[in-house]
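Since the model is a prediction, treat every value here as computed from it, not as a measurement.
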Amino acid sequence: MNTPATTPTNVLDFYKALEAASARMLEAAQVDDWDRVVELEGVCAVLIERLREQAERAPLSPEERAEKHRIMLAILRHDAQIRALAEPWLEVWGDAGLGTRPPLLH
């Protein structure tokens, strides 16, 4: 599994790395590169785990909390856009049922 190219050094850096990874996930979803989306989802999981470890040790200043809030909103917007792009695929695979072939998409 891939990890971020540079290891964040503080809590806010982890949030920024998550924001960047979620933006790359959205870009991949927009070009139907779902393998890359899954790969980047793994990167986000690693970052979140490391963030949990760091967040317990370092409280944020009011300015850092404001930046964290901005970042979290951006991540939520990315996630919503990715989900909107994925929904048609989820419906196709959901309608196919288990053990049956999905309908042809072309």
Donor-acceptor contact present, side-chain E27 to main-chain R24, <3.5 Å
no

Can you hop from I82 to L76 via hydrophobic side chains spaced under 4.5 Å?
no

Write down the atom of A21, the atom of V43, and the distance for their closest heavy-atom approach.
CB-CG1, 4.4 Å

Is there a side-chain contact between L40 and R36 in this structure, where contact means two heavy atoms from C-beta onward sitting under 4.5 Å apart?
yes

Any side-chain heavy atom of L85 sitting closer than 4.5 Å to one from L26?
yes

Rounded to the nearest 0.5 Å, how far apart are CD of E49 and CZ of F14?
10.5 Å

Rounded to the nearest 0.5 Å, the CD1 atom of I75 sits from the OH atom of Y15 at a distance of 8.5 Å

Minimum heavy-atom separation for V37 and A29, please, with both atom names.
CG2-N, 3.5 Å

Listed partners of D79 passing side chain to side chain donor-acceptor pair (under 3.5 Å), at least two apart:
R83

Any side-chain heavy-atom pair of I71 and L18 under 4.5 Å:
no

Take M25 and H78 through the test side chain to side chain contact (heavy atoms under 4.5 Å, CB included) and record every step on the way to the result.
CA-CA 8 Å; M25 284 177 67; H78 296 157; over 6 Å; no

Of R70, K68, H69, which is the lone residue that meets side-chain contact (heavy atoms from CB on, under 4.5 Å) with M72?
K68

Hey, what do you get for CZ (R50) to CG (L47), rounding to the nearest 0.5 Å?
7.0 Å

Output the distance between atom CG (L60) and atom CD (E67), rounded to the nearest 0.5 Å.
10.5 Å

Rounded at 0.5 Å granularity, tell me how far CG in N10 sits from NZ in K16.
7.5 Å

Do E41 and C44 touch side chain to side chain, with heavy atoms closer than 4.5 Å?
no

